[in-house]
There are 2 protein chains.
Amino acid sequence: MPDPTADSPRRTILDSAAHLFARKGFAATGMREIARNAHVNLAMINYYFGSKIDILRILLDEFFTGFLAEAEIHLTQPADLNTKLTAYIHGAIRYFSRNIDRHRVAIIEFPFEIPEIVDLKTNYVRRLIGLFHQNILPPDSSRPAANLDAFPIAIIGPALGAMMSSFFLMSPIISKLRPVEITPAFIDWYADIIATLFLHGVPELLSRAGMHIPSTPGDPS
Amino acid sequence: MPDPTADSPRRTILDSAAHLFARKGFAATGMREIARNAHVNLAMINYYFGSKIDILRILLDEFFTGFLAEAEIHLTQPADLNTKLTAYIHGAIRYFSRNIDRHRVAIIEFPFEIPEIVDLKTNYVRRLIGLFHQNILPPDSSRPAANLDAFPIAIIGPALGAMMSSFFLMSPIISKLRPVEITPAFIDWYADIIATLFLHGVPELLSRAGMHIPSTPGDPS
DNA sequence: AAACTAGTCAAACGTTCGTTTAAGTCGAAC
DNA sequence: GTTCGACTTAAACGAACGTTTGACTAGTTT
C-alpha cells in the first residue's frame, strides 16, 4: 500500500514547490532547489510529477478546486444578497489565508505564453462566474448579454478578486511599511474592511473611523 | 552627438524587454530573446545596461516616477476630496493604459528574494502614501499612528491599487471570457466603474444598471 | 596622419537548467 | 528463493542561461 501520510514525498514536494514558487516565481525556481528544500532526490520530482509545469498545474488545480468549493458554500446558502456576498468575501479571504503560498502562485504566476495555464485558469473563472449568475445576480441578468454591459460583471468580478487578494499579494511591501501579524483576528478585520469597501464604499469606512469626507477643500471639520 | 531619437538602441531594448517581461516574466525571458526582439546584437544589451536586472530596475523606475508625477497632479489640485479621488483614479488608470507593459511588469514582477527590487518598490509606495497624507487624509490623521488603525490606509491603499490594476492584470483571462478593445472610451468607462465602486460601493453600480439588491432571498423584484 | 572614442559584432566563457538513464534497494507476491 | 514492482539514487545528457572578451568599424579630436 502506498503511503498516503502527510510526509509522503508527493506532498512534501508540492509544499516545497508552492513555497518557492510563491517567493521566487515559477521560472526562477529550480528543480534542484525544490528537491533540496523538500529533502528528496532530484529525480524523484520527475518520477512523481513528470515535469516542472505539471507541479504548477497541480498546485493551481488544488487551489482553484478548493476555492470553488468554498465559494459554493457561501453563495448557495439561503440568505439575502448582502449576507451571501459578505459571507463569500469572508470565506474567500479566510481560504486565501489558509493557502497563502498556493494563492500567491495561483494569482501571480501568469505566463501569457503558456496557453495551457491560461486555459486552466480561465476554466475555473468561468465556473466561478456561473456560481454568481445562478446565486447572486438578479435572475434576469443570466439571460441575455445585453445588460451585462449595464452591470459589467467582467469588470467588477476581477476588481473584487483583486481587492480580496490585495493584502496577500502586496504583503512584502505592506509589512515593510506597517508590520502585521497574520492572525485569525487580523484576517477577520481585513475581510470586514474589504466587504465594507465593496458593499458601501470608502465613506462608510471613514465614518466608522469617526472621520468623514469634507465637501470643501481645506475644511477639516 | 549621441542619437536621442526614438529608434536609439537604448529605447528599443527597453521596450522590447518590457514587452517580453510583461508576457513571460522577468526570469523566463532570455537576453537573446530581448536582443532578437529588439533587432540588436546580444552584447549590446550588456553594453548599454550592464546586466539583466538593471533593465528591470530602469523599467520600474520609469514607471513609478511617471506614476507619482501623475498622482501628484490630481491629488494636489484645489478641489474637494471626492473630486480629487475621482481624478486620481481616472488619471492612474489612464496612466496604466498608456504604459500597459511597464505597468504589468511593475506590479507582477515581485521577487521576494531580490531585496533590491522590493526596496525600490517600497520607496515609491512610501512616497505615494506621503502624497495621500498631505493631500487627501484628514489633517489630524497625518499626526499620530493611532487612528491609522481606525482608518487603515495600509489596507485600503493596496486594495484601491489592486482594483485599478485588476483589468490590466487579468486581461488575458477577461478577454477570453468577454473580448474587449482597449480604447480611450473603454478606459474612461472602466475608470468610472472603479471610482464608483470605491466611492459608493457595488449597490450604486447595480442601481445605475436599473437593478438593486433584493433584501429577500429569491425575490427578484 | 595618428590617437582616441563610442558603438557593434561573432564567438566563447563557465554555470545552471529540466530531464533522463541505468543501477540499486527492499518489502511483498508467488 | 526467486521474481516482481515501487521507490530511490548518483551521474550524466544536451540545451540554454547571463556575461565577457577581443577584434573591428567609423567618426571625431589632436
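A note on names: the letters A, B, ... follow the listed sequences, proteins ahead of strands, and every chain is numbered from 1.
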>> Under a 4.0 Å threshold between the charged nitrogen and the carboxylate oxygen, would A:Glu62 count as salt-bridged to A:Arg11?
In response: yes

> C:dT19 phosphate, OP1 or OP2: any side-chain N/O from A:Asn46 under 4.0 angstrom?
Replying inline: yes

> What's the closest nucleotide to the A:Ala43 side chain, out of C:dT19, D:dA10, D:dT19?
Replying inline: D:dA10

>> Nearest whole Å is fine: how far is C:dT19 C1' from A:Ile34 CD1?
In response: 13 Å

>> For the residue pair A:Asp61 / A:Tyr124, report whether a side-chain donor-acceptor contact shorter than 3.5 Å exists.
In response: yes

> Does C:dT8 have OP1 or OP2 sitting under 4.0 Å from an N or O in the side chain of B:Tyr48?
Replying inline: yes

>> Can you measure B:Met44 atom CE to C:dA10 atom C1' for me and round it to whole angstrom units?
In response: 14 Å

>> Heavy atoms only, 4.0 Å cut-off, all strands: where does B:Leu42 land among base, sugar-phosphate and nothing?
In response: base

> Where do A:His39 and A:Thr12 land on the side-chain hydrogen bond (donor to acceptor under 3.5 Å, both in side chains) test, with the steps shown first?
Replying inline: CA-CA 8 Å; A:His39 303 105; A:Thr12 311; over 6 Å; no

> Rounding to a whole Å, what distance do you find between B:Asn41:CG and D:dG18:P?
Replying inline: 15 Å

>> Using whole Å, what does the distance between atom P of nucleotide D:dC17 and atom CD1 of B:Ile53 come to?
In response: 17 Å

> Tell me: CE of A:Met31 to P of D:dG14, nearest whole Å?
Replying inline: 19 Å

> What integer distance in Å separates A:Phe49:CZ from D:dT8:P?
Replying inline: 12 Å

>> Using whole Å, what does the distance between atom P of nucleotide C:dG18 and atom CG of A:Leu20 come to?
In response: 12 Å

>> Judged by each residue's nearest nucleotide on DNA chain D, which is more toward the 5′ side, B:Glu33 or A:Val40?
In response: A:Val40

>> Without decimals, in angstroms, what is the distance between B:Tyr47 OH and C:dG7 P?
In response: 4 Å

>> Angle between ring planes, A:Phe96 versus A:Phe63, binned at 30° and 60°: parallel, tilted or perpendicular?
In response: parallel

